[in-house]
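Just so it is clear, the values below take in all heavy atoms, side chains as well, and ignore hydrogens, waters and symmetry mates.
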Amino acid sequence: MGGGTSKQTMAVDSSESLVNKILAAKVRNPDNLMAKHFSEEYYNSLDDAKKARLLKICKSGGDNPDSSLGMYAQQPDDYDEFAIYFDKVIREYHKITTDGTHVNNWDMSTRQAKLESMGCANGKLDLASLGLGKTSMRVRVGRNLSSFPLPGSMTKTDRIKMEEKMATAFKTLIADPRYGGSYYSLTPSSPYHISKEKYQELVNEHIMFKDMSADKYLNSAGISSNWPYGRGCYVSADKEFIVWVGEEDHLRIMCMVQGTVLNDVFDRLQVAEQLVEKQAGPFAKAKKYGYVTSCPTNLGTGMRASLHIKLPKLTSDGSDKKAKAVCKPLGLSVRGLGGEHTPIGEDGTVDISPSGRLMIEEVDIICSLYEGVKQLLAAESEAAKKDISEQLAKIDAAKESNPDNLMAKYFEKSYFDGLENDSMRQRLLKICKSGSDNPDSSLGMYAMQPDDYDVFGVYFDKVIRDYHKIEGEKVHTTNWDLTSKQSRLDMLGCTDGKLDLAKLGLGKSSMRVRVGRNLSSFPLPGAMTKSDRIKMENTMIAAFKNLISDKAYGGTYYSLTPGNPYFINEAKYQELVNEHIMFKDMSADKYLNSAGISSNWPYGRGCYVSADKEFIVWVGEEDHLRIMCMVQGTVLNTVFDRLQTAEKIVEKHADKFAKAKNYGFVTSCPTNLGTGMRASVHIKIPALTKGGSDKEAKKVCKPLGLSVRGLGGEHTPIGEDGTVDISPSARLMIEEADIICSLYEGIKLLLEAENKAKEEA
């Protein structure tokens with residue numbers, strides 16, 4: 001007797017504590033609807049058994065005052081038993097202003113007038129008529145079996161029995177050729193039990209739900225108890241029909257199809273739902289609210305109909321804020337691709353669904369999705385038009401303010417308007433964005449796709465011809481064969497075929513040759529997503545493994561991508577930058593930022609370095625690859641030949657390098673088109689750099705077709721002893737073999753000018 005009194009007292013104390021929590025939440029968070037509508041008067045009018053039931057319903061919101069709704073039904077009849085209380089919460093959440101009873105209706109033929117008004121007189125809600133291609137279309141419903149407590153009040157035994165009942169029902173589906181498939185159980189004793197590895201595989205494929213035991217709201221509600229017992233999922237053979245067992249509701253019945261006709265996924269779900277109910281037993285319904293769900297937010301239809309749609313302009317800031325502002329008045333919800341509170345797609349893809357669940361019929365939900373998408377696409381189109389108008393105004397302004405901005409100089413509105421569709425026009429504007437954002441640009445455009453130079457050849461050709469000083473009809477030729485230049489070698493005094501700087505009186509010098517290359521199977525860096533960058537880097541890592549295992553190269557790969565097995569820390573990165581092995585952080589470059597080339601830094605970036613540090617490949621800089629050889633020596637052939645061999649090996653193991661029909665190897669910036677090559681030597685010319693300036697050296701070099709740089713690249717200082725970096729300027733409509741010959745010849749003439757300057761001094 002004494003023990004019983006003690007337990008009763010403890011239960012009373014616990015109840016009083018939870019009631020106090022609820023009353024505190026009422027003050028602390030007015031948006032907690034459970035607390036807001038909790039009435040002590042109503043609570044005290046109940047007998048002890050019903051008080052206990054009600055407090056269990058309210059426990060999640062009492063334990064977690066930050067809840068927005070804060071209550072979960074525990075029994076199939078809770079919505080009827082506690083209707084006076086639930087009705088206030090449900091009306092506010094679902095914004096119900098009239099009296100009524102929920103009606104379930106899947107019959108599309110009852111909406112013929114509505115379908116006709118939407119332009120779907122044939123009864124098909126076809127997204128293709130809105131201009132969309134195949135899209136990820138999904139419809140799901142939450143259901144609970146009337147013969148079991150709801151998940152929050154289930155015991156371990158209840159969960160296992162419910163799962164066993166469903167496994168029996170799924171046997172009918174598995175035997176049906178329209179479904180087939182398998183059942184996967186997380187219950188250790190189940191004959192369908194799967195390993196942790198298989199579970200994680202299904203989670204990663206978005207087939208199975210995640211472990212709920214980390215969710216504090218579901219924990220307080222009792223829904224996540226006894227994990228993982230009684231949990232699992234059925235998956236059809238085509239993976240387009242899935243039933244979750246033992247999540248927030250007994251069942252989440254889902255259909256997903258890649259297509260354009262919403263009816264396909266809607267009709268399949270209806271048939272499958274009826275089949276599941278026939279085999280498993282009646283689904284729980286409330287008198288007023290339709291299908292029963294644990295959370296009042298899903299009551300009625302229990303349905304969520306959604307599709308993935310790309311909205312690049314409404315998500316141009318990387319967030320879904322603008323999309324949500326447009327969607328809310330349309331009765332649409334916006335989510336990330338992994339569900340609530342997950343990020344949107346890198347290309348602006350979001351998950352769209354009608355918000356309504358209750359006091360709306362199933363047919364109206366699917367019609368609302370179609371109508372909402374139609375209006376959303378109109379808003380996206382308006383945003384695109386505004387964006388186009390603003391960028392065209394920028395280009396016009398750049399044309400006026402900087403005649404040297406070649407992108408703006410040759411941009412013609414008539415050519416732009418003549419492109420076949422808005423998609424092509426937007427694609428061209430992305431190419432032009434760096435120059436319109438930065439009118440001080442000298443060239444102002446970056447290719448975004450491997451075929452841009454062909455697709456937009458009419459426009460690019462004018463810019464390229466101006467920059468590269470090309471006259472007449474020409475097609476770039478690739479040729480590394482020095483033996484084809486024997487007559488030129490003879491004229492240079494190199495009859496033996498060796499471009500030896502020692503013949504010019506130079507000792508060992510820093511000789512460098514590099515080429516820019518892009519893989520044909522990826523967008524160019526300006527249009528790459530984070531996923532593209534990581535995938536491209538992984539493609540290259542697989543290729544570098546062949547170099548690393550080759551004694552002629554060896555070395556290692558260094559990645560800047562967090563989580564990559566070759567990832568290096570900040571200190572190692574800085575060490576490699578200081579050694580001029582790794583490239584610098586590009587995110588400070590306004591031109592590359594506008595072009596999108598520096599986006600997602602540092603993901604997908606890194607470099608391969610050979611054992612002797614004389615062969616380096618940058619990954620993910622301005623081009624996919626910068627392949628470089630550097631040697632301390634005198635024979636230019638040494639570095640030239642090694643680069644040619646290495647470039648072939650990289651292409652063989654990675655992917656075919658992108659080429660344009662007329663311009664040779666494709667590079668992001670048109671300045672590097674053709675060979676993509678820069679061949680250079682560090683040379684000491686103290687007389688021509690007297691006073692620490694390279695002005696006189698540049699004056700001498702320009703007529704020789706040579707560029708002069710500092711030792712750290714463009715816009716860096718020359719060496720204190722007068723050492724500069726010399727390279728032929730030409731990249732396009734010149735063969736590789738001619739570039740290396742031009743470097744030798746240019747150095748020869750430059751040294752003659754240096755000696756003359758010394759004599760005059």
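Using a 4.5 Å heavy-atom threshold, the side chains of Val455 and Met424 count as touching. The side-chain heavy atoms of Leu743 and Ile739, taken from C-beta on, include no pair separated by under 4.5 Å. Between Leu519 and Met540 the shortest side-chain heavy-atom distance falls below 4.5 Å. Inter-residue side-chain proximity for Tyr603 and Pro562 is flagged as met; some heavy-atom pair is nearer than 4.5 Å. Between Lys310 and Glu380, every side-chain heavy-atom pair lies at or beyond the 4.5 Å cut-off. Within the 4.5 Å cutoff, no side-chain heavy atoms of Lys409 are placed close to those of Pro403. Proximity of Ile581 to Cys607: side-chain heavy atoms (C-beta onward) are separated by under 4.5 Å at one or more points. Taking 4.5 Å as the limit, some side-chain heavy atom of Leu750 sits within range of a side-chain heavy atom of Val700.
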(message) Does Met586 form a side-chain contact (heavy atoms from CB on, under 4.5 Å) with Glu621? I'd like the steps, not just the answer.
(response) CA-CA 8 Å; Met586 302 185 294; Glu621 202 233 16; 3.6 Å; yes
(request) Begin with the C-alpha distance, continue with both residues' side-chain angles, and end with the deciding distance and a verdict on side-chain contact (heavy atoms from CB on, under 4.5 Å) for Tyr446 and Leu524. (result) CA-CA 9 Å; Tyr446 290 91; Leu524 299 187; over 6 Å; no
(message) Applying side-chain contact (heavy atoms from CB on, under 4.5 Å) to Tyr608 and Val619, what does each step give before you reach the verdict?
(response) CA-CA 8 Å; Tyr608 160 78; Val619 176; over 6 Å; no
(request) Show your working on side-chain hydrogen bond (donor to acceptor under 3.5 Å, both in side chains) between Ser707 and Ser729 and close with a plain yes or no. (result) CA-CA 5 Å; Ser707 296; Ser729 306; 2.8 Å; yes
(request) Take Thr675 and Leu732, measure what side-chain contact (heavy atoms from CB on, under 4.5 Å) needs, and give me the verdict at the end. (result) CA-CA 6 Å; Thr675 60; Leu732 181 62; over 6 Å; no
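With rounding to the nearest 0.5 Å, the separation of OG1 in Thr689 from CD in Glu696 is 10.5 Å. We find the CD1-CD distance between Ile627 and Gln644 to be 12.0 Å, quoted to the nearest 0.5 Å. Rounding to the nearest 0.5 Å gives a distance of 8.5 Å between NZ of Lys324 and OG of Ser319. Note that the CG atom of Leu262 and the CG atom of Leu127 stand 4.5 Å from one another [nearest 0.5 Å]. Here CD of Glu651 is found 8.0 Å from CZ of Arg517. Values are rounded to the nearest 0.5 Å. Considering CG of Leu429 and CD1 of Ile395, their distance stands at 5.5 Å, rounded to 0.5 Å.
No donor-acceptor pair under 3.5 Å is formed between the side chain of Arg427 and the backbone N or O of Arg425. A donor-acceptor pair is defined here as one N or O able to donate and one able to accept, closer than 3.5 Å; such a pair exists between the side chain of Ser434 and the backbone of Tyr591. A donor-acceptor pair under 3.5 Å links the side-chain atoms of Arg731 to the main chain of Met677, judged by distance alone. In this structure, the side chain of Thr539 engages the main chain of Lys535 through a donor-acceptor pair within 3.5 Å. With hydrogens and angles disregarded, no donor-acceptor distance shorter than 3.5 Å links the side chain of Arg678 to the backbone of Gly516. With Asp351 contributing its side chain and Leu337 its backbone, the two residues share no donor-acceptor pair below 3.5 Å. Between the side chain of Asn438 and the main chain of Asp440, no donor-acceptor pair closer than 3.5 Å is present. Not a single donor-acceptor pair under 3.5 Å links the side chain of Asp417 to the backbone N or O of Ser414. A donor-acceptor pair is defined here as one N or O able to donate and one able to accept, closer than 3.5 Å; no such pair exists between the side chain of Glu736 and the backbone of Thr478. A donor-acceptor contact shorter than 3.5 Å is absent between the side chain of Thr349 and the backbone of His308.
Ring geometry, Phe583 versus Trp601: the interplanar angle exceeds 60°, so the pair is classed perpendicular (tilted spans 30 to 60°). Ring planes of Tyr459 and Tyr415: tilted class, angle from 30 to 60°. The aromatic rings of Phe460 and Tyr453 sit tilted, their planes meeting at an angle between 30° and 60°.
Using modelled atom types, one finds no donor on one side chain facing an acceptor on the other under 3.5 Å when comparing Thr667 with Asn672. Thr260 and Asp126 share a side-chain donor-acceptor pair at under 3.5 Å. A side-chain N or O of Asp655 and one of Ser521 form a donor-acceptor pair less than 3.5 Å apart. Under the 3.5 Å distance criterion, with hydrogens and angles disregarded, no donor-acceptor pair is assigned to the side chains of Ser441 and Asn405.
Between Lys661 and Asp454, no side-chain nitrogen of the basic residue sits less than 4.0 Å from a carboxylate oxygen of the acidic one, so the salt-bridge criterion is not met. Taking 4.0 Å as the cut-off between side-chain N and carboxylate O, Glu735 and Lys485 count as a salt-bridged pair. Ion pairing between a basic and an acidic side chain is recognised when a charged N comes within 4.0 Å of a carboxylate O; Arg514 and Asp623 show no such pairing. Salt-bridge annotation for Lys385 and Glu382: present, with a side-chain N of the basic residue lying under 4.0 Å from a carboxylate O of the acidic one.
The shortest heavy-atom contact between Arg533 and Ser599 is NE-O, 3.2 Å. The nearest pair of heavy atoms linking Pro523 to Asp532 is CG-OD2, 3.8 Å. The shortest non-hydrogen separation linking Gly606 to Tyr557 is CA-OH, 3.3 Å. Across all their heavy atoms, Glu647 and Val515 have their closest contact at CG-CG2, 4.3 Å. The minimum heavy-atom distance between Ser587 and Asn593, with the atom names listed, is O-ND2, 3.0 Å. Among all heavy-atom pairs drawn from Val334 and Cys327, the shortest one is CG2-SG, 3.5 Å.
For NZ of Lys322, the number of neighbouring non-hydrogen atoms (other residues, nucleotides, ligands) closer than 6.0 Å is greater than 12. Within 6.0 Å of CD in Glu400 there are 12 or fewer heavy atoms belonging to other residues, nucleotides or ligands. Within 6.0 Å of OH on Tyr467 lie no more than 12 heavy atoms contributed by other residues, nucleotides or ligands.
Between Tyr573 and Tyr558, the ring centre distance reaches or exceeds 6.0 Å.
Of the residues Lys530, Glu537, Arg605, the one that meets the side-chain hydrogen bond (donor to acceptor under 3.5 Å, both in side chains) test with Thr561 is Glu537.
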